[in-house]
> 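Dumping the structure here so I can ask a few things about it.
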Amino acid sequence: MEKIRVMLADDNQSILRLLTDYFARKEEIEVVATVSDGTEIVAAVRAHAPDVLVMDIIMPRRDGFMALEELSGLENGLRPKVIVLTGLARDDFIMRAIELGASYYMVKPFDMHLLYNRIVEVAGQAAPLAAEETKECAPPAETDDERITNLFLTLGIPAHIKGYQYLREAVLMVINDRDVINRITKELYPGVARRFDTSASKVERAMRHAIEVAWSRGRLDAVNRMYGYKVFDAMDKPTNGEFISCVAEKISMNRPA
């Protein structure tokens with residue numbers, strides 16, 4: 001019997017190691033590639049031709065939804081079955097992933113043996129009958145960076161545009177020093193610019209563009225539902241400073257005690 005070729009995509013190195021070690025003990029499975037950057041997924045699929053791709057949604061530089069859209073453009077022989085494995089337990093995210101072609105959507109913490117069975121199932125083989133001890137894998141506590149990514153993803157800010165990276169860096173700066181929002185032109189924009197080796201004026205323009213993209217996509221209701229009250233208003237588009245301050249406040253308020 002040919003082995004099931006599996007590719008893993010997750011920016012959490014401990015998850016990648018855990019899954020790689022677990023599948024190394026499975027005769028039916030061969031892990032052919034692991035990637036930690038969303039921009040590398042499609043190229044790795046072309047290079048390694050996996051049967052099944054196990055992929056997180058939150059990935060650096062290009063999120064899982066964008067990867068699913070790109071994978072849908074591959075010819076049938078190269079397009080793997082996709083199992084989304086993520087910490088985002090959201091009905092709208094699940095629906096979107098399935099609409100974009102994912103076979104399963106699994107939420108962390110997850111059962112290792114169940115994931116194994118799902119891989120065997122989507123690869124077109126019968127699930128093993130022998131009972132096996134299960135192992136639950138709990139992800140580390142969500143970081144501020146992951147919370148920001150979650151919110152930006154919900155808003156529909158594309159991860160590949162420069163304004164996404166600039167806004168994320170600015171929010172982190174404000175979380176660490178709330179007063180910096182009052183020095184947005186003299187300190188915040190220049191600080192972000194130094195981080196990305198660009199100019200403060202380009203940072204300001206790219207942030208404005210990213211916010212305009214989010215408002216044009218009309219996903220504000222999803223963000224408001226996520227927090228349980230109105231965070232953003234479609235009729236009142238915020239300035240860069242107002243947006244950064246609002247996101248920083250919400251991230252800080254939703255930190256675990």
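We number each residue from 1, following the sequence as shown.
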> Flag yes if Met66 and Ile94 sit in one hydrophobic cluster, no otherwise; membership is Ile, Leu, Val, Met, Phe, Trp, Tyr, and two members link when side-chain heavy atoms are under 4.5 Å apart.
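Unlinked, Met66 and Ile94 end up in two clusters.
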
> Check whether any side-chain N or O of Asp63 sits under 3.5 Å from a backbone N or O of Ile57 as a donor-acceptor pair, and report yes or no.
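Absent.
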
> Do the non-hydrogen side-chain atoms of Val32 and Pro50 ever get within less than 4.5 Å of each other?
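SC-SC contact between Val32 and Pro50 confirmed.
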
> Can you name the residues that form a salt bridge (charged side-chain N to carboxylate O under 4.0 Å, His left out) with Glu204, not counting sequence neighbours?
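Checked Glu204 against salt bridge (charged side-chain N to carboxylate O under 4.0 Å, His left out); zero matches.
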
> Quick check: does any side chain N or O of Arg118 sit under 3.5 Å from a backbone N or O of Ile83, one acting as donor and the other as acceptor?
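Side chain of Arg118 to backbone of Ile83, a donor-acceptor pair under 3.5 Å: no, none is there.
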
> Work out which heavy atom in Ala67 is nearest to a heavy atom in Val42; give both atom names and the distance.
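So the minimum-distance heavy-atom pair works out to O-CG2, 4.4 Å.
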
> Compare all side-chain heavy atoms of Leu8 with those of Phe23 and state whether any distance is below 4.5 angstrom.
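The answer is yes, as the side chains (C-beta and beyond) meet within the 4.5 Å cut-off.
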
> Measure the shortest side-chain to side-chain distance between Ile119 and Glu28 over non-hydrogen atoms and say whether it is less than 4.5 angstrom.
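Not in contact.
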
> Check Ala200 against Pro190 and note the closest heavy-atom contact, atom names and distance.
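Here Ala200 and Pro190 meet closest at CB-N, 4.0 Å.
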
> At what distance, to the nearest 0.5 angstrom, does CD1 of Ile175 lie from CD1 of Ile244?
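With rounding to 0.5 Å, CD1 (Ile175) is 11.0 Å from CD1 (Ile244).
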
> If you define the side chain from C-beta out and look only at heavy atoms, does anything of Tyr22 sit under 4.5 Å from Leu18?
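No, their side chains stay 4.5 Å or more apart.
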
> Met173 and Ile211: same hydrophobic cluster, using ILVMFWY side-chain contacts below 4.5 Å?
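Looking at the clustering, Ile211 is in the same group as Met173.
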
> Can Lys81 and Asp51 be said to form a side-chain contact (heavy atoms from CB on, under 4.5 Å), step by step?
CA-CA 6 Å; Lys81 300 291 185 179; Asp51 301 306; over 6 Å; no

> Would you give the length of the straight line joining atom CE of Met112 to atom CG of Asp21, rounded to the nearest 0.5 angstrom?
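CG of Asp21 is found 8.5 Å from CE of Met112.
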
> Can you tell me which residue pairs pass the salt bridge (Lys or Arg N to Asp or Glu O under 4.0 Å) test with a partner in residues 157-183, sequence neighbours excluded?
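Every pair satisfying salt bridge (Lys or Arg N to Asp or Glu O under 4.0 Å) with a residue in residues 157-183: Asp145-Arg168, Glu169-Arg195, Asp177-Arg183, Asp179-Arg183, Arg183-Glu187.
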
> List the steps, then state whether side chain to side chain donor-acceptor pair (under 3.5 Å) holds for Ser36 with Asp11.
CA-CA 4 Å; Ser36 301; Asp11 64 338; over 6 Å; no

> How close do Leu16 and Asp10 get, counting heavy atoms only, and between which atoms?
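Closest pair (atom of Leu16, atom of Asp10, distance): CD1-O, 3.2 Å.
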
> Write down the atom of Leu78, the atom of Arg46, and the distance for their closest heavy-atom approach.
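Closest heavy-atom pair between Leu78 and Arg46: CD1-NH1, 3.7 Å.
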
> Could you measure the distance from the CG atom of Asp111 to the CG atom of Leu115? Nearest 0.5 Å is fine.
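If we round to the nearest 0.5 Å, Asp111:CG and Leu115:CG are 9.0 Å apart.
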
> Consider only side-chain heavy atoms of I, L, V, M, F, W and Y, link residues closer than 4.5 Å, and tell whether Ile161 and Val171 are in one cluster.
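Same cluster.
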
> Could you check whether any side-chain heavy atom of Phe196 comes within less than 4.5 Å of a side-chain heavy atom of Lys202, counting everything from C-beta outward?
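Side chain of Phe196 against side chain of Lys202, heavy atoms only: no contact under 4.5 Å found.
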
> Considering only NZ, NE, NH1 and NH2 on the basic side and carboxylate oxygens on the acidic side, decide whether Arg62 and Glu70 come within less than 4.0 Å.
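So Arg62 pairs with Glu70 through a salt bridge.
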
> Ala9: which residues meet the side-chain contact (heavy atoms from CB on, under 4.5 Å) condition with it, sequence neighbours left out?
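side-chain contact (heavy atoms from CB on, under 4.5 Å) check on Ala9 returns Val35, Ile41, Leu53, Met55, Met59.
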
> Calculate, to the nearest 0.5 Å, the distance between atoms CD and CD1 belonging to Glu27 and Ile29 respectively.
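Glu27 atom CD to Ile29 atom CD1 measures 11.5 Å (nearest 0.5 Å).
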
> Enter the distance from Asn240:CG to Leu167:CG here, rounded to the nearest 0.5 Å.
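One gets 6.5 Å once the value is rounded to the nearest 0.5 Å.
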
> Under 4.5 Å between side-chain heavy atoms, hopping through other hydrophobics if needed: is there a path connecting Leu74 to Met7?
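Shared cluster, yes.
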
> What residues, two or more places apart in sequence or in another chain, satisfy salt bridge (charged side-chain N to carboxylate O under 4.0 Å, His left out) together with Arg61?
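So Arg61 forms a salt bridge (charged side-chain N to carboxylate O under 4.0 Å, His left out) with Asp37.
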
> Does this structure show an ion pair linking Glu99 with Arg96, if we count only N-O contacts that are shorter than 4.0 Å?
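No, no charged N to carboxylate O under 4.0 Å.
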
> May I ask whether Ile181 and Val192 are part of the same hydrophobic cluster, defined by side-chain heavy atoms of I, L, V, M, F, W, Y residues being less than 4.5 angstrom apart, directly or through others?
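As far as the 4.5 Å side-chain criterion goes, Val192 and Ile181 are connected within one cluster.
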
> Apply salt bridge (charged side-chain N to carboxylate O under 4.0 Å, His left out) to Arg17 and list each qualifying residue two or more places apart in sequence or on a separate chain.
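Counting only residues at least two positions away or on another chain, Arg17 forms no salt bridge (charged side-chain N to carboxylate O under 4.0 Å, His left out).
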
> Leu85 and side chain to side chain contact (heavy atoms under 4.5 Å, CB included): which single residue from Asp56, Val107, Leu19 fits?
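Considering Asp56, Val107, Leu19, a side chain to side chain contact (heavy atoms under 4.5 Å, CB included) with Leu85 is found only for Leu19.
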
> Please check if the distance between the ring centroids of Phe93 and Phe65 is under 6.0 Å.
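Phe93 vs Phe65: aromatic centres under 6.0 Å.
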
> Roughly how far, to the nearest 0.5 Å, is the OH atom of Tyr164 from the CE atom of Met207?
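Rounded to the nearest 0.5 Å, the CE-OH separation comes to 13.5 Å.
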
> With no hydrogens and no angle check, is any side-chain donor or acceptor of Ser245 less than 3.5 Å from a backbone partner on Glu242?
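Checked: no pair found.
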
> Of all the heavy-atom pairs spanning Ser103 and Val122, show the shortest one and how long it is.
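The answer is CB-CG1, 3.8 Å.
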
> For Leu71 and Pro80, work out which heavy atoms get closest and say how close.
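Minimum heavy-atom contact is CD2-CD, 4.4 Å.
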
> Are Leu188 and Val174 close enough that some pair of their side-chain heavy atoms sits under 4.5 Å apart?
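Counting from C-beta outward, Leu188 and Val174 do come under 4.5 Å.
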
> Holding to salt bridge (charged side-chain N to carboxylate O under 4.0 Å, His left out), I want the full list of residues that pass it with Glu212, two or more places apart in sequence or in another chain.
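So Glu212 forms no salt bridge (charged side-chain N to carboxylate O under 4.0 Å, His left out) with any residue.
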
